[in-house]
Protein chains: 2
Amino acid sequence: MKRHILLYGLLAGVLIVVLRLIEYRYLIATRSVEIYGGLIAALFAALGIWLGVTLTGRPERVVIREVSVPAASTFVADPARREALGITKRELEILELMAAGMSNKEIADHIFVSENTVKTHASRLFDKLGARRRTQAISTAKSSGLIP
Amino acid sequence: MKRHILLYGLLAGVLIVVLRLIEYRYLIATRSVEIYGGLIAALFAALGIWLGVTLTGRPERVVIREVSVPAASTFVADPARREALGITKRELEILELMAAGMSNKEIADHIFVSENTVKTHASRLFDKLGARRRTQAISTAKSSGLIP
DNA sequence: CCGAAAATCATACCAACGGGTGACTGCGCA
DNA sequence: TGCGCAGTCACCCGTTGGTATGATTTTCGG
């Protein structure tokens, strides 16, 4: 800000000096004041525009818009959470299918294993999650960020 | 924009005319060109500043900063969804407790009714949701926006 | 005040779920 | 090569969940 004003004054002074030099050196006719005037006007107008633009800066208005981000779409399964609880990939797979509302038999048919296998996976899963029912397992897994 | 330029030119012309009139009318000494120069400089600088501010001031740059807001906290249970499926308040209550991982007995103790009552509520709920298991009911209710 | 919807409870039955135990097979790592 | 882990499967048994049917009471709008 102060630099601008100083620069402005300095330029004005230099211009005046230049004009005087021209006047004395080349003895330009007195009535050519219009030429000087126009010159000065153009120069200072340009300077003024530059100043105006520089001083006022860009009026940047920041609008903070709260956008509700669908948690499901931004969900990324990170293995860190899974391994923190000692849950294997297969167990997580069964957990997801359970959360989708499938029965043990349906899960078994879906991943091509026997129902007993699904049961043992589920049992170990409940143990690791500290759940006694599948609904409880789903609930805690959800709040742990294990599943969307 | 165009209006500004026109106004600018007009002002310049008027100023020149005024200066000439002053020059001829009062016969001001030739070497007082500095005074004229300073005058013109000041005027046009002011004009330029005004122009700069006016011209650049218009395009207000709006920066939209999207703030991610947890979707879960913005959840509001609207009765429209519930009634569209013909689900009663009590049934929704049982649904929420089911989704929290409670057993029928726990729900019964929680809302001070018998386990049989919870069972009948649950049965009707499954019927309305087209679910055969509680996990499935929770899953569909969630995707329907019935529960968070 | 009356009737429909909602809420409550019971009984019986069968399917699904969950716990416990034991066993077998690959696979990677020491 | 042996050990541990993940995955697979089986059996039994008790608990829980879900369906069907029927009944009573409460609530609420016309």
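Naming convention: chains lettered A, B, ... in sequence-line order (proteins, then strands); numbering from 1 in each chain.
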Q: Could you go through the salt bridge (Lys or Arg N to Asp or Glu O under 4.0 Å) check for B:R132 and A:E106 one step at a time?
A: CA-CA 12 Å; B:R132 321 201 78 245; A:E106 284 171 344; over 6 Å; no
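- At the heavy-atom level, A:S103 lies under 4.0 Å from the strands shown only through sugar-phosphate atoms.
- For B:N104 and D:dT16, the shortest distance from a side-chain N or O to OP1 or OP2 is not below 4.0 Å.
- Between B:M98 atom CE and C:dC17 atom P there is a gap of 14 Å when expressed in whole angstrom units.
- Nucleotide D:dG7 holds its C1' atom 16 Å from the CD1 atom of A:I87, rounded to whole Å.
- Residue A:N116 places at least one side-chain N or O under 4.0 Å from the OP1 or OP2 atom of D:dA10.
- As rounded to whole Å, 16 Å separates atom P of D:dT16 from atom CZ of B:F126.
- Side-chain N/O atoms of B:R124 include none lying less than 4.0 angstrom from OP1 or OP2 on C:dA7.
- Cluster annotation: A:M98 and B:M98 are assigned to distinct hydrophobic clusters (Ile/Leu/Val/Met/Phe/Trp/Tyr, side-chain heavy-atom contacts under 4.5 Å, transitive).
- Projected onto DNA chain D by closest heavy-atom contact, B:D127 and A:E115 fall at different nucleotides, the more 5' of which corresponds to A:E115.
- As rounded to whole Å, 13 Å separates atom P of D:dG17 from atom CG of B:L97.
- OP1 or OP2 of D:dT16 has not a single side-chain nitrogen or oxygen of A:R132 nearer than 4.0 Å.
- The residue among B:K89 and A:A122 whose nearest nucleotide of DNA chain C lies closer to the 5′ end is B:K89.
- Residue A:R134 places at least one side-chain N or O closer than 4.0 Å to OP1 or OP2 of C:dG18.
- Whole-Å rounding puts the A:E91 CD to D:dC5 C1' distance at 11 Å.
- The NE2 atom of A:H121 sits 6.0 Å away from the CZ atom of A:R90 when rounded to the nearest 0.5 Å.
- Dashed line: the shortest gap from a side-chain N or O of A:T117 to OP1 or OP2 of D:dC9 is under 4.0 Å.
- A residue-by-residue look at B:K119 and B:G86 shows that B:G86 has its nearest nucleotide of DNA chain C further toward the 5' end.
- Rounded to an integer number of Å, the gap from CD of A:E106 to C1' of C:dC17 is 14 Å.
- Side-chain atoms of A:L146 and A:L129, non-hydrogen and from C-beta on, do get closer than 4.5 Å to each other.
- Between A:S114 and the phosphate of D:dT8, there is no side-chain N or O to OP1/OP2 separation shorter than 4.0 Å.
- Residues B:T117 and B:S114 have side chains that bring a donor and an acceptor to within less than 3.5 angstrom of each other.
- Using a 4.0 Å cut-off, some side-chain N or O of B:T88 falls inside it from OP1 or OP2 of C:dA7.
- Between A:Q136 atom CD and C:dC17 atom C1' there is a gap of 14 Å when expressed in whole angstrom units.
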